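As the structure is a prediction and not an experimental result, all values here were calculated from the model. Side chains are part of it too, since the values below use all heavy atoms of this structure and drop only hydrogens, waters and symmetry mates. Labels below follow one simple rule: chain letters A, B, ... track the order of the sequence lines, proteins then strands, and each chain is numbered from 1.
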Amino acid sequence: MNLSIKTKLALALSMFAALLLMAGGWLVYRQIKASFYHEFDERLRLQAMSLTTGIKQERSFVDVIFSDKYLREYDDDESRSWFFQIWAPLPVDDAYRPKTMRSDSLKKNQNLPRRFGSLKEPVYWNFELPDGRSGRGIGIRYVPQADDHDRRSNFDKNLKVELVVAQDRTELDQSLRAVAKNIGIAGGVGLLATLLFVPLILLRFLRPLKSVSKQAETIDVESLSTRFDTRVPPEIRPISRALNELLARLESSFDRERQLSSDIAHELRTPISELKSYAELKIKWPDKTEGCFEKEVLQMVAGMESLVENLLTLARMEKSAAEFEGVPVSLTDALSNSVDEVQPAAAARGIRIRNETNPEIRIETHPELLQIILRNLVSNAVAHSPSGGEVQIGSGTDNELLHISNHAPDLSAEDLPRMFDRLWQKDASRSNDEHCGLGLPLARSCARAIGLELTAQLNEENRLEMILIRFSSEGT
Amino acid sequence: MRILIVEDSTRLRSTLSQAFRFSSYAVDETGDGKEGLWMATSIPYDVIVLDIMLPGMDGLTVLKKLRESGCETSVLLLTAKDAVQDRVFGLRSGADDYLVKPFDLEELLARVEVLCRRGYGKKNNQIVIDDLTLDLGDKSVKRGNEPIELTAREYRTLEYLAVRRGEVVSKQEIESHIYDDQADLMSNVVESIVCDLRKKIASPGAPSVIQTRRGFGYTIGKPE
């Protein structure tokens with residue numbers, strides 16, 4: 001059974017309240033009971049003490065002299081609730097010396113149970129009275145004082161008197177039961193109130209959570225700009241903030257996807273126009289047009305394919321944060337792959353590639369992304385260098401990781417900011433299918449993804465320098 | 001008619017140039033905005049087909065500068081931007097027409113033809129001079145029902161004179177409207193063409209519809 005948090009909370013709180021009420025009630029009952037018993041025991045003690053005042057040593061015996069006033073409570077009447085019994089050598093006729101003296105409330109053959117403590121620490125205990133009622137008694141064993149005129153000469157310190165005083169505790173038990181009942185009723189009412197009000201209170205205070213939930217239900221792809229109110233209770237604020245951050249990431253991601261789709265659609269319009277117009281030209285004037293139709297079409301399609309692939313790669317690069325695990329990479333080794341790839345094209349146009357990078361430079365980075373950057377920079381430099389020119393590759397000092405330069409007679413300073421725009425090209429020729437204007441934006445996005453920066457500048461000789469910068473001397 | 005194509009895609013530019021040439025237009029072309037502006041302000045084109053995304057200078061800036069210079073040549077904007085606001089902006093910037101890529105080649109040819117015609121105040125696709133009928137749409141000439149075969153230059157010359165019927169058109173004007181920068185001109189090329197044209201369109205026993213205004217140029221027909 002999948003219970004809601006509210007229900008679970010309500011049950012848990014109710015159970016806790018119940019336990020708390022039970023524990024509290026039990027503690028209160030214990031306290032009251034202890035108080036009642038203390039009072040009861042005090043009465044027992046006072047009775048016992050008053051009885052001990054009438055018990056004296058006289059020669060080898062114990063003389064008990066109680067006034068009627070003391071014994072009235074121990075009378076044998078309907079309400080008899082007090083009892084006492086004394087065990088001691090008591091004086092009677094020489095022929096017989098009984099060792100126990102009972103109160104009138106006890107019959108001749110009725111005895112109280114015997115347990116004794118000292119005068120200072122008497123024993124109290126519950127027991128059944130001889131008539132079957134519940135009782136409680138105090139037991140003392142002590143040495144009675146000697147009669148005044150016998151005090152010095154006849155005091156026997158070994159002469160012990162054992163005294164038990166008991167009282168009917170029916171009323172005490174009834175009182176305690178009444179207390180227990182009242183505590184139980186109060187606890188029950190408390191529990192009911194808990195069961196009733198806890199869900200209502202939870203409902204009231206969980207309302208902001210429900211509000212967040214309802215708002216979340218209304219969010220779809222078209223409403224990703226929605227943001228949750230952060231002026232909510234502190235417990236919900238982190239949820240609202242986290243949801244807002246998630247929405248921002250989703251919105252950004254969807255915007256990028258839309259932008260990518262839009263870019264692809266937009267940028268494919270011209271290649272599609274090329275293909276379509278060429279086909280229509282061939283159809284309308286089949287005998288007049290020159291060139292191999294199939295070859296031209298294949299080239300155009302290859303260009304479109306390259307364009308889409310690069311746009312997709314660019315989108316992926318722009319999307320990913322720098323969450324990668326850097327591995328040590330030799331800059332020279334990474335460069336040599338890119339240089340080897342363009343060597344044939346460079347040689348065909350008489351372009352020299354001079355590589356003077358420091359072979360000891362190693363950086364902790366993403367090897368594939370670094371390769372994309374270097375491949376784009378090197379191939380761009382060779383492609384845009386005039387024939388017979390020179391592409392120079394070197395490593396700089398401090399933060400300058402790498403620079404690649406080529407002569408760029410057609411470039412001006414105004415072109416530099418636009419170089420990293422998607423699909424910008426200085427060369428008016430779009431028929432170069434390998435260079436569709438995405439290389440530098442791609443290289444820059446890759447650079448930023450791995451904590452580097454790519455910049456461009458023109459020097460006095462109109463050489464375009466592409467500079468790869470790292471932000472700490474320890475690399476990425 | 002002579003048109004200018006300013007489009008940075010070499011392949012597309014080449015295709016369009018061929019299509020217009022095959023349709024009897026004189027065509028100049030460039031892939032750079034700045035060069036396009038210079039050409040447009042230097043040569044009296046009948047229509048300019050102008051891409052928006054251009055290196056050097058974007059098409060809308062070219063258009064704006066063209067209009068600021070007083071040039072009223074018809075401009076058809078060719079672009080991948082299809083949003084309404086882009087089209088409205090382009091038209092309000094001074095363009096006469098707007099075509100979104102990818103487009104039908106036939107549609108482009110038709111729209112340019114209309115712009116050429118409107119440039120001379122013509123709403124009708126056909127021009128009738130005596131018993132000669134020029135169909136500006138299919139670039140054909142008939143005398144009565146008989147088609148007359150003309151070369152591309154002959155047709156362009158006749159078409160240009162016809163759209164300016166009643167006006168005296170100078171030799172230079174004819175040259176600038178029927179030749180593109182690929183043409184290798186001889187000094188008497190216009191006279192040669194007019195001579196050939198007269199022979200082909202001549203009606204037996206009737207004077208030539210093309211008349212020479214010595215020292216000024218040529219004229220055809222009477223003003224409408």
From [X] atom [atom1] to [Y] atom [atom2], the distance as rounded to the nearest 0.5 Å:
X	Y	atom1	atom2	value
B/F22	A/D287	CZ	CG	10.0 Å
B/D51	A/T270	CG	OG1	6.0 Å
B/S9	A/M300	OG	CE	9.0 Å
B/E106	A/I283	CD	CD1	10.5 Å

Taking [atom1] in [X] as the centre, count heavy atoms belonging to other residues, nucleotides or ligands within less than 6.0 Å. Is the count above 12?
X	atom1	result
B/N145	CG	no
A/E305	CD	no
B/E68	CD	yes
A/R349	CZ	yes
B/E72	CD	no
B/K139	NZ	yes

- Go through A/R269 and B/V100 one step at a time and tell me if the side chain to side chain contact (heavy atoms under 4.5 Å, CB included) criterion holds. CA-CA 9 Å; A/R269 284 176 187 269; B/V100 177; 3.4 Å; yes
- Task: Go through the atoms of B/L109 and report whether side chain, backbone, both or neither lie under 4.5 Å from a heavy atom of chain A.
- Result: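 Only the side chain of B/L109 comes within 4.5 Å of chain A.
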- Query: Looking only at atom types and distance, does a side-chain atom of A/E274 sit under 3.5 Å from a main-chain N or O of B/L12, one as donor and one as acceptor?
  - Reply: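 Looks like no, no N/O pair under 3.5 Å.
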What pair of heavy atoms forms the shortest contact from [X] to [Y], and how long is it?
X	Y	value
B/P102	A/S273	CA-OG, 3.0 Å
B/L105	A/S277	CD2-O, 3.8 Å
A/W285	B/A19	CH2-O, 3.5 Å

- Message: In the structure I gave you, are the side-chain heavy atoms of A/K276 and B/K101 within less than 4.5 Å of one another anywhere?
- Response: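 Sidechains of B/K101 and A/K276: no contact.
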